[in-house]
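Beneath this line is the structure, given in structure tokens, with notes to follow.
Residue numbers count from 1 along this sequence. First listed ligand is number 1; within each ligand, the first listed atom is number 1.
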Amino acid sequence: MRVSPDAQPVIGVLALQGDFREHLAALAECDVIARPVRRPGEVAEIDALVIPGGESTTMSKLAQEFEVFDPIAERLRAGLPAYGTCAGMIMLADEVLDGRPDQRSFGGLALQVRRNAFGRQVDSFESPVEITGVEGGPVTAVFIRAPWVEKVNGDVEVLGQVGDGPDARIVAVRQGNLLATSFHPELTGDLRLHRYFVDMVRSAV
Ligand SMILES: NC(=O)CC[C@H](N)C(=O)O
């Protein structure tokens, strides 16, 4: 699947809207080549893609306007590794609840995601979350008008949840080459989730 022959994989960050700069900065510390992706030609040159947080309705609209929507969807279908955070998780979901009628997602993750599930902007919060496969204790998960995963299908692996008992909500998942979190590790300076994704990219077939 690697299109770049270099030892360092090229990881693109969809840079149309949202906090792509923070992802580029985090990836730059992970021994990879990190590049913004805004044009169709750039989609062909990456070994993996990060879809940042922001606003999924706007991102969906801009991706179509910039003509990267279909090329990205096509590469994802062909197995391109991708990591979506917050709005990026919505963009990777097969089914979006509480979305706008004209909003489109690339899809790929066999799950239902609920937009703005944790409440409005004022309800943004932080919480420690244990992530399966990430060592060294819980990550500090920053939730900003975050979605949660309402239901998983198929072989989606739940990596992390917030809350207990009946209030537990799924906030981190993986399915094959796709990783998604409801929260924003790019805002904390903790690189463990980016490194987890880079390991996925390095071992992707
Ligand atoms: N921080 C975020 O990415 C928020 C996601 C936003 N609420 C959406 O629906 O896209």
Side-chain angles (χ1 to χ4, degrees), residues 11-27 34 36-38 48-66 68-69 72-73 76 82-129 131 139-152 156 159-163 169-175 178-194 196-197:
I11 303 192
V13 180
L14 186 61
L16 302 173
Q17 191 266 338
D19 70 339
F20 56 88
R21 291 176 195 83
E22 287 80 357
H23 275 294
L24 287 166
L27 289 167
V37 169
R38 292 190 187 90
L49 181 68
V50 169
I51 308 174
E55 178 52 54
S56 56
T57 55
T58 311
M59 217 179 283
S60 150
K61 195 164 152 259
L62 290 176
Q64 292 170 81
E65 278 174 25
F66 279 71
V68 292
F69 191 97
I72 290 174
L76 289 171
Y83 176 22
T85 59
C86 202
M89 171 191 258
I90 297 169
M91 294 300 292
L92 287 176
D94 278 351
E95 202 182 333
V96 179
L97 305 175
D98 294 335
R100 296 247 182 92
D102 59 345
Q103 141 165 39
R104 287 177 72 199
S105 282
F106 302 123
L109 285 174
L111 50 78
Q112 274 183 342
V113 81
R114 187 175 291 282
R115 272 185 78 222
N116 302 335
F118 286 106
R120 300 177 316 125
Q121 191 75 46
V122 288
D123 301 323
S124 297
F125 64 102
E126 284 183 19
S127 177
V129 174
I131 304 289
V139 301
T140 299
V142 178
F143 296 91
I144 306 169
R145 290 183 67 218
W148 67 46
V149 176
E150 186 106 351
K151 186 172 161 225
V152 295
V156 177
L159 300 183
Q161 303 194 63
V162 71
R169 302 295 181 189
I170 299 168
V171 293
V173 291
R174 176 174 178 179
Q175 185 179 18
L178 302 180
L179 175 70
T181 57
S182 305
F183 54 88
H184 293 265
E186 72 283 8
L187 299 181
T188 60
D190 181 342
L191 296 172
R192 286 178 293 164
L193 269 156
H194 289 87
Y196 178 98
F197 180 57

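Note that R104 lies in the cation-pi zone of F69, set by a 6.0 Å cut-off to the ring centre and a 45° limit from the axis. Both the sub-6.0 Å distance and the 45° axial angle are not jointly satisfied by R114 relative to the ring of W148.
Taking 4.0 Å as the cut-off between side-chain N and carboxylate O, R192 and D190 count as a salt-bridged pair.
The protein non-hydrogen atom at the shortest distance from atom 10 (O) of ligand 1 is S56 N, 2.5 Å. Residue, atom and distance of the protein heavy atom nearest to atom 9 (O) of ligand 1 are R115 NE, 2.7 Å.
Closest to atom 6 (C) of ligand 1 by heavy atom, among C86, G18, G54, is G54.
Using a 30° and 60° split on the angle between ring planes, F118 and F143 fall in the tilted class, from 30° to 60°.
Close approach to G53 involves these atoms of ligand 1, each under 4.0 Å from a residue heavy atom: 3 (O). Heavy-atom contacts of I90 reach the following atoms of ligand 1: 8 (C), 9 (O), 10 (O) (cutoff under 4.0 Å). For ligand 1, the atoms sitting less than 4.0 Å from at least one non-hydrogen atom of N116 are 6 (C), 7 (N), 9 (O), numbered in the order shown with element in parentheses. Close approach to R145 involves these atoms of ligand 1, each under 4.0 Å from a residue heavy atom: 4 (C), 5 (C), 6 (C), 7 (N).
For the 3.5 Å distance criterion, the side chains of Y83 and R174 fail to qualify, holding no donor opposite an acceptor. If you check the side chains of Q112 and E150, you find no donor sitting under 3.5 Å from an acceptor.
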Practice item. Decide yes or no on side-chain contact (heavy atoms from CB on, under 4.5 Å) for L27 and L191, but give the supporting numbers first. Key: CA-CA 8 Å; L27 289 167; L191 296 172; over 6 Å; no

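In H184, the part holding a heavy atom less than 4.0 Å from any atom of ligand 1 is the side chain.
When only interatomic distances are considered, the shortest N/O to N/O separation between A87 and ligand 1 falls below 3.5 Å.
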